[in-house]
Amino acid sequence: MAHHTPRNPLILHGRSRISVTSMTRKADFVAPSGLKCSFNKLTFPTMIYGNSALFDASALHRQTAGAPQASIRTPISTDGSKVWKLIGATSALDDNSLYCNLLQTTHFAATCAIAEQDGKVVGWLSGYVPPEQPDTYFVWQVCVSDAARGQSLGRRLIGDVLARPACRAVTTLQCTITHDNEASWGLFTAIARRLDAQMQQVELFEKDAHFDGLHDSEYAVNIGPFSPEKVTALTSA
């Protein structure tokens with residue numbers, strides 16, 4: 001799902017509830033919307049994979065009048081370098097190696113997505129279904145360029161992948177987000193609302209313990225369970 005990504009879990013939105021184990025202590029969390037909630041900080045089992053869900057804040061701005069809407073498709077191998085350049089041009093995102101992006105556009109193409117506008121790559125989603133969690137889609141990165149702002153492209157990219165055969169069994173969406181990534185919190189809160197699903201978070205990777213102080217703490221975000229029929233709500237404008 002940042003710049004930089006339970007028993008009695010925090011419920012931000014929705015009606016359903018998921019039990020996850022191993023509570024350790026309680027803490028407060030203030031969402032970018034200003035809502036202050038309490039949640040139990042947990043020792044999280046090996047359940048969430050990846051490093052960061054990243055989203056370009058400029059994608060929330062209104063699209064320039066008259067600009068064509070971006071189209072979404074499955075990536076191919078020659079998209080790898082284009083994705084690498086798009087991420088490199090977005091300062092808020094963590095860089096990956098070009099080889100990593102080539103693997104994503106080949107081995108993981110079925111669970112990744114490209115957005116094109118005027119023949120240029122303007123959006124990218126990487127993610128996968130963890131081998132031991134066939135009901136879960138983990139969002140690694142979401143990137144939208146300035147040229148495609150205002151099209152709800154981040155949400156549409158995720159909806160496009162969730163609607164594919166590779167995600168037929170998926171009923172849970174996961175990512176990690178840093179505390180100050182307002183755009184990502186806004187994106188995934190809106191997704192939870194459209195899916196009519198519960199949204200939970202817990203601190204997963206700590207700044208000092210896991211990142212040696214070089215990266216802000218990442219909060220694991222869990223949205224679900226949701227009905228597959230709800231996925232179409234993500235692909236609409």
Enquirer: Under 4.5 Å side-chain heavy-atom separation, chaining through any Ile, Leu, Val, Met, Phe, Trp or Tyr, what else clusters with Ile76? Say none if it is isolated.
Expert: none
Enquirer: If only atom types and distance count, is the side chain of Tyr137 paired as donor or acceptor with the main-chain N or O of Thr111 below 3.5 Å?
Expert: yes
Enquirer: Report yes if some heavy atom in the side chain of Ile72 is under 4.5 Å from a heavy atom in the side chain of Ile114; otherwise report no.
Expert: no
Enquirer: For Arg155 and Ala190, indicate whether the former's side chain and the latter's backbone hold a donor-acceptor pair under 3.5 Å.
Expert: no
Enquirer: Measuring from atom CZ of Arg193 to atom OG1 of Thr189, what distance do you get when rounded to the nearest 0.5 angstrom?
Expert: 7.0 Å
Enquirer: Check whether any side-chain heavy atom of Arg156 lies under 4.5 Å from a side-chain heavy atom of Ser236, and answer yes or no.
Expert: no
Enquirer: Which atom names give the shortest non-hydrogen contact between Pro134 and Val129, and what distance separates them?
Expert: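 Result for this residue pair: CA-CG1, 3.7 Å.
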Enquirer: Search all heavy atoms of Ile223 against all heavy atoms of Ala197 and return the closest pair with its distance.
Expert: CG2-CB, 3.9 Å
Enquirer: Just by modelled atom types, is the Ile191 backbone N or O under 3.5 Å from a matching donor or acceptor in the Arg194 side chain?
Expert: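 No, because the side chain of Arg194 does not come within donor-acceptor range (under 3.5 Å) of the backbone of Ile191.
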Enquirer: State which residues pass side chain to side chain contact (heavy atoms under 4.5 Å, CB included) with Asp135; sequence neighbours excluded, sorted by chain then number.
Expert: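 Checked Asp135 against side chain to side chain contact (heavy atoms under 4.5 Å, CB included); matches are Gln133, Thr171.
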Enquirer: So, for Asn181 and Ser184, which heavy atoms are closest and what is the spacing to 0.1 Å?
Expert: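 Shortest heavy-atom separation between Asn181 and Ser184 comes out as ND2-OG, 3.0 Å.
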Enquirer: Listed by chain and number, what are the side chain to side chain contact (heavy atoms under 4.5 Å, CB included) partners of Lys85, not counting sequence neighbours?
Expert: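 If we apply the side chain to side chain contact (heavy atoms under 4.5 Å, CB included) test to Lys85, skipping adjacent residues, there are no hits.
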Enquirer: With a 4.5 Å limit on heavy-atom distance, are the side chains of Phe226 and Leu162 in contact?
Expert: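 Yes, their side chains come closer than 4.5 Å.
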Enquirer: Going by the rule side chain to side chain contact (heavy atoms under 4.5 Å, CB included), which residues pair with Leu102 if we only count those two or more places apart in sequence or in a different chain?
Expert: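 Expected list: Leu98.
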Enquirer: Using a 4.5 Å cut-off on heavy atoms from C-beta on, say whether the side chain of Leu195 contacts that of Leu234.
Expert: yes
Enquirer: State, to 0.1 Å, how close Leu187 and Gly154 come at their nearest heavy-atom pair, and which atoms those are.
Expert: CD1-C, 4.0 Å
Enquirer: Quick one: does Cys167's side chain get under 4.5 Å of Val161's, heavy atoms only?
Expert: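 Touching, per the 4.5 Å side-chain cut-off.
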Enquirer: How about Gln117 and Gln151: do any of their side-chain heavy atoms sit closer than 4.5 Å?
Expert: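 The answer is yes, as the side chains (C-beta and beyond) meet within the 4.5 Å cut-off.
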Enquirer: For Thr178 versus Trp185, what's the shortest heavy-atom pair and its separation?
Expert: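 Heavy atoms only, the tightest pair is O-NE1, 3.0 Å.
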Enquirer: Enter the distance from Glu229:CD to Asp196:CG here, rounded to the nearest 0.5 Å.
Expert: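 If I round to the nearest 0.5 Å, the distance is 12.5 Å.
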Enquirer: Please check if Trp84 and Leu86 belong to a single hydrophobic cluster, counting links between Ile, Leu, Val, Met, Phe, Trp and Tyr side chain heavy atoms closer than 4.5 Å.
Expert: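 Result: no, two separate clusters.
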Enquirer: On a heavy-atom basis, which atom in Cys112 and which in Gln104 lie closest, and how many Å separate them?
Expert: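 The answer is SG-O, 3.7 Å.
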Enquirer: Which residue pairs satisfy the salt bridge (charged side-chain N to carboxylate O under 4.0 Å, His left out) criterion with at least one member in residues 105-117, sequence neighbours excluded?
Expert: Arg73-Glu116
Enquirer: Holding to side chain to side chain donor-acceptor pair (under 3.5 Å), I want the full list of residues that pass it with Ser97, two or more places apart in sequence or in another chain.
Expert: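 Here no residue qualifies.
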Enquirer: Please name all residues satisfying side chain to side chain donor-acceptor pair (under 3.5 Å) with Ser81, sequence neighbours left out, ordered by chain then number.
Expert: none
Enquirer: By side chain to side chain contact (heavy atoms under 4.5 Å, CB included), which residues pair with Ser77, not counting sequence neighbours?
Expert: Thr106
Enquirer: Looking only at the side chains, is there a donor atom on one of Gln141 and Asn96 sitting less than 3.5 Å from an acceptor on the other?
Expert: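 Yes, Asn96 and Gln141 have a side-chain donor paired with an acceptor closer than 3.5 Å.
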Enquirer: For a 4.5 angstrom cut-off between non-hydrogen side-chain atoms, does Met199 reach Val221?
Expert: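 Result yes, sub-4.5 Å side-chain heavy-atom pair found.
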Enquirer: Per the side-chain hydrogen bond (donor to acceptor under 3.5 Å, both in side chains) rule, which among Gln201, Gln198, Gln174 passes with Asn222?
Expert: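 In the set Gln201, Gln198, Gln174, the residue that makes a side-chain hydrogen bond (donor to acceptor under 3.5 Å, both in side chains) with Asn222 is Gln174.
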Enquirer: Would you mind reporting whether Ile158 and Leu173 have side-chain heavy atoms less than 4.5 Å apart?
Expert: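 Contact flag for Leu173/Ile158 side chains = yes.
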Enquirer: For residues Phe138 and Phe108: do they belong to one hydrophobic cluster (side chain heavy atoms under 4.5 Å, members Ile, Leu, Val, Met, Phe, Trp, Tyr)?
Expert: yes
Enquirer: Any salt bridge (charged side-chain N to carboxylate O under 4.0 Å, His left out) pairs touching residues 168-177, not counting sequence neighbours?
Expert: none
